[in-house]
Chemist: 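Shown below is the structure under consideration.
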Amino acid sequence: MTLKALLSASNYPQLELSLLNAYPETASQISAIKQVYKKLLELPIHQSSMEIKIAAQTAHTLSLEVYGLDEGQELDLSFAPWTDWLSAKIHPDTLQQYDDYSIIIHCLLNMCSHGFDEEEIASAWHSYNKAQIFQPTVTSPSNSQ
């Protein structure tokens, strides 16, 4: 099952209720999240070998990590195009461990971690890359006299 299939089968009012119950601090972002949800329902999907997996970061925390798996490689999807997210299949372990709304919520939160539209996310990606490329180099003082 793809993320797009999960979204298409979901009911937004139930999704919003689940989101606010799990993460009440997202209340100020709910209208932006609703717009993202509507946009995602309109986007097409493509053939993909990627899977989305959700797992606890450690055995002793409630914090969950969302990542992609493709050919055995773990991928940070937070900057990925939304069609890549939608086209990815949900990993079987994730489908067994989490209900559909939990999967959607955690994917949405990760998808929107850098903005609420793809232009904003692309801008954040470019800023991130620019910051990585242009890190100042620290040079030690010369000992020559």
Chemist: Does one side chain, of Tyr101 or His106, offer a donor that lies under 3.5 Å from an acceptor on the other?
Modeler: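 No pair is found: no donor N or O on one side chain lies under 3.5 Å from an acceptor on the other.
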Chemist: Looking only at the side chains, is there a donor atom on one of Gln14 and Ser10 sitting less than 3.5 Å from an acceptor on the other?
Modeler: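 Side chains of Gln14 and Ser10: no pair found under 3.5 Å.
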Chemist: What is the minimum heavy-atom distance between Ile54 and Ile103, and which atoms define it?
Modeler: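 Looking at all heavy atoms of both residues, the closest pair is CD1-CA, 3.8 Å.
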Chemist: Tell me, do Ile90 and Glu51 make a side-chain contact under 4.5 Å, heavy atoms counted?
Modeler: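 Ile90 vs Glu51: side chains apart.
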Chemist: As an exercise, state the distance from SG of Cys112 to CD of Gln29, rounded to the nearest 0.5 Å.
Modeler: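 Cys112 atom SG to Gln29 atom CD measures 8.5 Å (nearest 0.5 Å).
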Chemist: Only counting residues at least two apart or in another chain, list the ones meeting salt bridge (Lys or Arg N to Asp or Glu O under 4.0 Å) with Asp93.
Modeler: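 By the salt bridge (Lys or Arg N to Asp or Glu O under 4.0 Å) rule, Asp93 matches Lys53.
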Chemist: Do Leu17 and Asn21 touch side chain to side chain, with heavy atoms closer than 4.5 Å?
Modeler: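 SC-SC contact between Leu17 and Asn21 confirmed.
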Chemist: Determine, step by step, whether Leu108 and Leu40 satisfy the side chain to side chain contact (heavy atoms under 4.5 Å, CB included) criterion, reporting the C-alpha distance in whole Å, the side-chain angles of both residues, the deciding distance to 0.1 Å, and the verdict.
Modeler: CA-CA 10 Å; Leu108 277 173; Leu40 294 175; 3.6 Å; yes
Chemist: Flag the pair Leu19 / Ile104 as yes when at least one side-chain heavy-atom distance between them is below 4.5 Å, and no otherwise.
Modeler: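 No. Closest side-chain heavy atoms not under 4.5 Å.
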Chemist: Looking only at heavy atoms, what is the nearest atom pair of Ala27 and Leu20, with distance?
Modeler: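 So the minimum-distance heavy-atom pair works out to CA-CD2, 3.6 Å.
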Chemist: Going by the rule side chain to side chain donor-acceptor pair (under 3.5 Å), which residues pair with Glu16 if we only count those two or more places apart in sequence or in a different chain?
Modeler: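 Here the qualifying residues are Tyr12.
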Chemist: Who else is in Tyr67's hydrophobic cluster (ILVMFWY, side-chain heavy atoms under 4.5 Å, direct or via others)?
Modeler: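 Leu69, listed by chain and number.
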Chemist: Going by side chain to side chain donor-acceptor pair (under 3.5 Å), name the residues that satisfy it together with Thr26, two or more places apart in sequence or in a different chain.
Modeler: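 Counting only residues at least two positions away or on another chain, Thr26 forms no side chain to side chain donor-acceptor pair (under 3.5 Å).
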Chemist: Below 4.5 Å, heavy atoms only, C-beta onward: do Ile52 and His91 meet side chain to side chain?
Modeler: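 Result no, sub-4.5 Å side-chain heavy-atom pair not found.
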Chemist: Just verifying a value: how many Å separate Asp100 CG and Leu95 CG, rounded to the nearest 0.5 Å?
Modeler: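 With rounding to 0.5 Å, CG (Asp100) is 7.0 Å from CG (Leu95).
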Chemist: Can you list every salt bridge (Lys or Arg N to Asp or Glu O under 4.0 Å) pair that touches residues 27-48, not counting sequence neighbours?
Modeler: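 Every candidate salt bridge (Lys or Arg N to Asp or Glu O under 4.0 Å) pair involving residues 27-48 fails, so no pair, neighbours aside, qualifies.
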Chemist: Could you grab the distance from atom CG of Leu109 to atom CG of Leu64, nearest 0.5 Å is fine?
Modeler: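 The distance works out to 10.5 Å.
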Chemist: Walk me through whether Val36 and Met111 qualify under side chain to side chain contact (heavy atoms under 4.5 Å, CB included).
Modeler: CA-CA 9 Å; Val36 169; Met111 291 170 82; 5.5 Å; no
Chemist: When you measure from the side chain of Asp70 to the backbone N and O of Gln73, does any donor-acceptor pair fall under 3.5 Å?
Modeler: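 No; zero donor-acceptor contacts below 3.5 Å.
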Chemist: Can I get a per-line list of side-chain donor-acceptor pairs under 3.5 Å for residues 77-89, giving both atom names and the distance, sequence neighbours left out?
Modeler:
residue: Ser78; atom: OG; partner: Asp76; partner atom: OD1; Å: 2.8
residue: Ser78; atom: OG; partner: Asp76; partner atom: OD2; Å: 3.3
residue: Ser78; atom: OG; partner: His114; partner atom: NE2; Å: 3.3
residue: Asp84; atom: OD1; partner: His46; partner atom: NE2; Å: 2.9
residue: Trp85; atom: NE1; partner: Leu77; partner atom: O; Å: 3.0
residue: Ser87; atom: OG; partner: His46; partner atom: N; Å: 2.8
residue: Ser87; atom: OG; partner: His46; partner atom: O; Å: 3.3
residue: Ser87; atom: OG; partner: Thr83; partner atom: O; Å: 2.6
residue: Lys89; atom: NZ; partner: Ser48; partner atom: O; Å: 3.2

